[in-house]
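Have a look at the structure below, then the notes.
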Amino acid sequence: MTPNDRLYAKTHEWVLIEGTTATVGITDHAQHALGDITFVDLPDVDKAVKQAAEFGVIESVKAASDLYAPLSGEIAEVNSALENTPEIINQDPYGKGWIIKLRNITEAGRSALLDAAGYEASLG
């Protein structure tokens with residue numbers, strides 16, 4: 001089930017906004033479509049990212065896919081656990097499988113994101 005406490009990009013990233021910080025990962029739908037995740041190319045901390053711009057790559061046994069920032073901001077933290085155990089994303093995409101945390105996020109792009117019901121509708 002798609003959690004209601006976050007927003008979603010049509011490119012299958014989720015964002016959980018807490019104040020001026022946002023945690024980003026990929027949806028359960030995306031990890032299921034990718035299959036067994038084998039590698040995540042994480043960005044550098046302090047790098048600025050723009051909404052809808054690529055910030056990394058995720059690879060699986062099936063394919064490699066670009067990761068897109070759901071909001072503009074700066075990389076505050078990366079989930080370094082993914083360097084050795086990228087399959088955490090398969091096991092817990094909405095929890096321990098987060099990919100990056102953004103700081104200084106901008107409100108402007110929030111209207112372009114979907115709520116859980118809107119994201120699920122976009123899959124159909």
Side-chain angles (χ1 to χ4, degrees):
M1 187 154 137
T2 306
N4 287 320
D5 64 348
R6 53 203 78 200
L7 296 171
Y8 300 87
K10 291 180 181 174
T11 51
H12 310 291
E13 290 82 16
W14 58 260
V15 58
L16 179 61
I17 301 167
E18 298 168 294
T20 59
T21 303
T23 304
V24 177
I26 65 167
T27 64
D28 186 57
H29 172 83
Q31 72 79 20
H32 191 265
L34 283 166
D36 294 336
I37 295 170
T38 57
F39 177 75
V40 182
D41 181 22
L42 297 167
D44 294 330
V45 172
D46 296 328
K47 178 182 176 187
V49 294
K50 291 197 180 298
Q51 184 176 31
E54 179 189 329
F55 72 80
V57 176
I58 189 165
E59 296 179 9
S60 72
V61 293
K62 292 182 184 178
S65 296
D66 292 332
L67 295 165
Y68 299 97
L71 292 170
S72 297
E74 296 169 3
I75 307 289
E77 189 179 345
V78 297
N79 188 349
S80 57
L82 299 177
E83 292 173 2
N84 295 320
T85 51
E87 64 273 12
I88 295 170
I89 294 172
N90 295 116
Q91 298 157 4
D92 191 9
Y94 296 114
K96 292 179 183 171
W98 64 274
I99 299 171
I100 60 170
K101 292 189 180 187
L102 297 172
R103 65 177 170 244
N104 301 326
I105 58 172
T106 57
E107 291 289 316
R110 205 182 278 207
S111 63
L113 301 174
L114 304 168
D115 62 12
Y119 176 72
E120 286 182 0
S122 76
L123 302 175

State the [atom1]-[atom2] distance between [X] and [Y], to the nearest 0.5 angstrom.
X      : Y     : atom1 : atom2 : result
Ile75  : Asp46 : CD1   : CG    : 9.5 Å
Glu107 : Ile17 : CD    : CD1   : 6.5 Å
Ile26  : Trp98 : CD1   : CH2   : 14.5 Å
Glu77  : Thr23 : CD    : OG1   : 8.0 Å
Leu67  : Phe55 : CG    : CZ    : 4.5 Å
Asp115 : Arg6  : CG    : CZ    : 13.5 Å

Between [X] and [Y] (side chain of the first, backbone of the second, donor and acceptor by atom type, cut-off under 3.5 Å), is there such a pair?
X     : Y     : result
Thr85 : Ile88 : no
Asp36 : Glu87 : no
Glu54 : Asp66 : no
Glu13 : Tyr68 : yes
Glu74 : Lys47 : no

With clusters defined by side-chain heavy atoms of hydrophobic residues (ILVMFWY) lying less than 4.5 Å apart, directly or transitively, does [Y] cluster with [X]?
X     : Y      : answer
Val15 : Leu82  : yes
Val78 : Ile99  : yes
Leu16 : Tyr94  : yes
Leu7  : Ile105 : yes
Val40 : Leu102 : yes

pair [X]-[Y]: side-chain heavy atoms closer than 4.5 Å:
X      : Y      : result
Pro43  : Ile100 : yes
Ser65  : Leu34  : yes
Leu113 : Leu71  : yes

request  = May I ask you to decide if the ring planes of Tyr8 and Tyr119 are parallel, tilted or perpendicular, using 30° and 60° as cut-offs?
outcome  = parallel
Of all heavy-atom pairs between [X] and [Y], which one has the smallest distance, and what is that distance?
X     : Y     : value
Lys50 : Ala69 : O-CB, 3.6 Å
Leu42 : Ser80 : CD1-CA, 4.5 Å
Val57 : Ala64 : CG1-CB, 4.3 Å
Pro70 : Ala9  : CB-CB, 4.5 Å

ask   = Given His12 and His29, is the side-chain contact (heavy atoms from CB on, under 4.5 Å) satisfied, shown in steps?
value = CA-CA 8 Å; His12 310 291; His29 172 83; 3.7 Å; yes
query = Can you check side-chain contact (heavy atoms from CB on, under 4.5 Å) on Thr2 and Asp28, steps first, answer last?
reply = CA-CA 8 Å; Thr2 306; Asp28 186 57; over 6 Å; no
